[in-house]
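See structure below.
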2 protein chains.
Amino acid sequence: MNLPQGIQLRSIGSFLVGGAIRSLRGLPPRQARLAQGAEPRAIDPNGDLMTGQLYAQVFELAQPRWPVPVVFWHGGGMTGVNWETTPDGRPGWLWLFLQAGFNVIVCDAFERGRASWSPYPEIYAQEPIFRTLDEGWSLFRIGPEGGYASEPARRRAHPGTRFPVRAYDAFAQQWVARWPGHEAPTLAAYDRLLGRVGACVLVGHSQGGGFALAAARRHAQSVLATVALEPSGAPTAEVDVDVAIEVDAGLPAHLLVWGDRVLEHPQWRRYREVVDAYARRIASRGTATLTVDLAAEGVFGNSHFLMMDDNSAELALRVQQWIAALPALQAVERR
Amino acid sequence: MNLPQGIQLRSIGSFLVGGAIRSLRGLPPRQARLAQGAEPRAIDPNGDLMTGQLYAQVFELAQPRWPVPVVFWHGGGMTGVNWETTPDGRPGWLWLFLQAGFNVIVCDAFERGRASWSPYPEIYAQEPIFRTLDEGWSLFRIGPEGGYASEPARRRAHPGTRFPVRAYDAFAQQWVARWPGHEAPTLAAYDRLLGRVGACVLVGHSQGGGFALAAARRHAQSVLATVALEPSGAPTAEVDVDVAIEVDAGLPAHLLVWGDRVLEHPQWRRYREVVDAYARRIASRGTATLTVDLAAEGVFGNSHFLMMDDNSAELALRVQQWIAALPALQAVERR
């Protein structure tokens, strides 16, 4: 494929959306030194804090080939960095989708990265979780349970893995704290985002894939298509509780993509069963739904992080081709 | 000024640099539900965590006009978002410097935004500080002490302020937690960054301005110039403790820029005295040092956030012109 030498952009910018003020009162003051060479000063934690927002970085092409942007939502304990340069230094999906002619919006979800997070227990109910490199190694299906070691030479990866294992530590530098039980405020911020963005294609990964499936129901008129890469969940009554959705019909087209060794991993097998059941349910009500199981097609070795694996560019192209063929997108183009 | 319609970029990417593995042992497990519709599972906090890295987003022009990138360092409790779209929706310095022909690197410092942060007390010694909107209003010299109110209509701003006061809440959405006492690991990560980036021009704001002054001493061969916008400190023996710098000579050119009402604000007056003394010291040893006091020049109303004020584009142009005239930059161009 002949790629252009560069990309002509009309703008690069960002916004935060979805926050609200929360007032804290009655907390004790503390002393801290906040500048080089300065004396300690009293810090009053009482007052107003902004909480609940998410971060969106927006890349607009001078001449987009497609009429709507692609919106990227990362997974749990991650940020939008997931879509940038791969840990071993190849162009990420952000760049590949710009090259393909899409405007791109990359988000840091509520509580993650540039979206900021709020104090606990004052605003968030509980303390966060930090994923260990030990857990990520097996949970992301890079290697077997117990295959991680601090020393890179002693790590055991799955044979034939497509994840750039020598860049695993660089990948772990991207990880951020996460909070359990924050589905509702995360979705609320995504609701605000989609209200602002309007017509778009959602691409979500892992936890962000599950949010994309949920958001597609809540914004079925403006979300033209949903791509969920290894979603770690699917909409339930609990998540939909504040919107009255009684049917699974009228949803945008769905593409679900799975890497290798999903069924061999107890947790991913359970997640996949939930998502497969959801896909069958919406398909039975008329939603165009395509599940791609890469290993079943003979493409072996993909980890949970499809957009970082050694075939990430081919997978991006495949997703782009699926989007390009959508009747919904062509309908917008003709407007 | 005729601005081009768009900007031709060769690449957009990112990297994290400066992290190292820390192993946690002996912590109790906890139960949490981490995916929609999933059962709670045991979370083991023990294992390896990556800590100490910073985040750098890199924008490379197809045809840069200048031979070295400009590196942006935000201030305390902030992230690289400060340099993107202003809170009221105007192009930020990131875009303006790309338009001026510079490659740009925007950082999220150690512990901030996409750089992630680490658990306390396990890795960081103490809990973070969240800046209140109440404090920011006067500390950033947008309005007088006590001039903030939750309700925007009741806020009192300084007469003639150039800060986009109606976008103050949008600005506060950018703020993130910070930790006191983290100067050394922050500078260590910046050291690693500068080792990787090589020749560059540093532009730092507030706390990041203080770090830029310190880093210019530690990387006097590769940092061709330092721009410090309202630095909240200047190098001290304490910060330089791990590098043997005994003289103030041989430093790159320095530009120091101050907004309005600095001397009227007790805390900023103290910060400025420290920085002015430092500027005199390095100037006396031969460093080209320019202090711009905007109000003294008759440009009134600038807040602490010069790159967000209503004259931010003019100030960017002025900084660009100072950089463009640097002999050090022209020397690199001729190599």
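Residue numbers begin at 1 in each chain, while the letters A, B, ... track the order of the sequences.
Contact annotation for A/W83: neither backbone nor side-chain heavy atoms come within less than 4.5 Å of a heavy atom of chain B. Heavy atoms closer than 4.5 Å to chain B are found nowhere in A/V58, neither backbone nor side chain. In this structure, chain B has no heavy atom under 4.5 Å from any part of A/L54. With a 4.5 Å cut-off on non-hydrogen atoms, A/L139 touches chain B through its side chain but not through its backbone. For A/R114, the parts lying near chain B are the backbone and the side chain together; criterion is any non-hydrogen pair under 4.5 Å. Residue A/Q63: no heavy atom, backbone or side chain, is found under 4.5 Å from chain B. A/P45 touches chain B through its backbone: at least one of N, CA, C or O sits under 4.5 Å from a heavy atom, while the side chain does not. Only the backbone of A/D44 comes within less than 4.5 Å of a heavy atom in chain B; its side chain stays farther off. Contact of A/I43 with chain B is made through the side chain alone, with heavy-atom distances under 4.5 Å. Looking at A/A172, the atoms closer than 4.5 Å to chain B (heavy atoms on both sides) sit in the backbone and in the side chain alike. In this structure, the portions of A/I12 lying under 4.5 Å from any heavy atom of chain B include both its backbone and its side chain. Interface remark: A/Q173 contributes backbone and side-chain atoms alike to the contact with chain B (heavy atom separation under 4.5 Å). For A/I129, the parts lying near chain B are the backbone and the side chain together; criterion is any non-hydrogen pair under 4.5 Å.
Chain A forms more heavy-atom pairs under 4.5 Å with one residue of B/L24, B/T79, B/L61 than with any other, namely B/T79. Of the listed residues (B/A177, B/P119, B/G19, B/G47), the greatest number of heavy-atom pairs within a distance under 4.5 Å of chain A belongs to B/P119. Most heavy-atom pairs under 4.5 Å with chain B, from the set A/P180, A/P87, A/A32: that is A/P180. No other option in A/G76, A/S11, A/G181, A/G18 has as many heavy-atom pairs under 4.5 Å with chain B as A/S11. Taking chain A as the reference chain and counting heavy-atom pairs below 4.5 Å, the highest number among B/S23, B/P128, B/G92 is found for B/P128. Options A/V17, A/L98, A/D169 differ in how many heavy-atom pairs under 4.5 Å they form with chain B, and the most are formed by A/D169. Of the listed residues (A/L9, A/D134, A/T85, A/V176), the one with the most heavy-atom contacts under 4.5 Å to chain B is A/L9. Heavy-atom pairs under 4.5 Å with chain A peak, among B/R41, B/E60, B/R270, at B/R41. Ranked by non-hydrogen atom pairs under 4.5 Å with chain B, the options A/G136, A/G80, A/P231 are led by A/G80.
Counting all heavy atoms, side chain and backbone alike, A/R155 lies closest to B/I21 at NH2-CD1, 3.9 Å. The two residues A/F110 and A/A189 have their closest heavy-atom pair at CB-CB, 4.4 Å. Closest of all the heavy-atom pairs between A/F211 and A/E183 is CE2-O, 3.9 Å.
With rounding to the nearest 0.5 Å, the separation of CE in A/M50 from CZ in B/F171 is 11.0 Å.
B/Y120 and A/E127 form no side-chain donor-acceptor contact under 3.5 Å, judged by distance and modelled atom types alone. B/Q126 and A/R30 are linked by a side-chain donor-acceptor pair at a separation below 3.5 angstrom, with hydrogens and angles left out of the test. Side chain to side chain, A/D48 and B/S150 meet the donor-acceptor criterion of an N or O pair below 3.5 Å. Judged purely by distance below 3.5 Å, without hydrogens or angles, the side chains of B/S14 and B/Q57 never pair a donor atom with an acceptor atom. Donor-acceptor pairing under 3.5 Å is recorded for the side chains of B/Y55 and A/E84.
The cationic atom of A/R196 (NZ for Lys, CZ for Arg) lies less than 6.0 Å from the six-membered ring centre of A/F15 and within 45° of the ring axis.
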Determine whether A/H182 and A/E111 satisfy the following criterion, side chain to side chain donor-acceptor pair (under 3.5 Å), listing intermediate values before the conclusion. CA-CA 9 Å; A/H182 276 184; A/E111 94 185 11; 2.5 Å; yes
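Residues A/S206 and A/E230 fail the side-chain proximity criterion, which asks for heavy atoms closer than 4.5 Å.
For A/R272 and A/D276, the salt-bridge test passes: some basic side-chain N is under 4.0 Å from an acidic carboxylate O.
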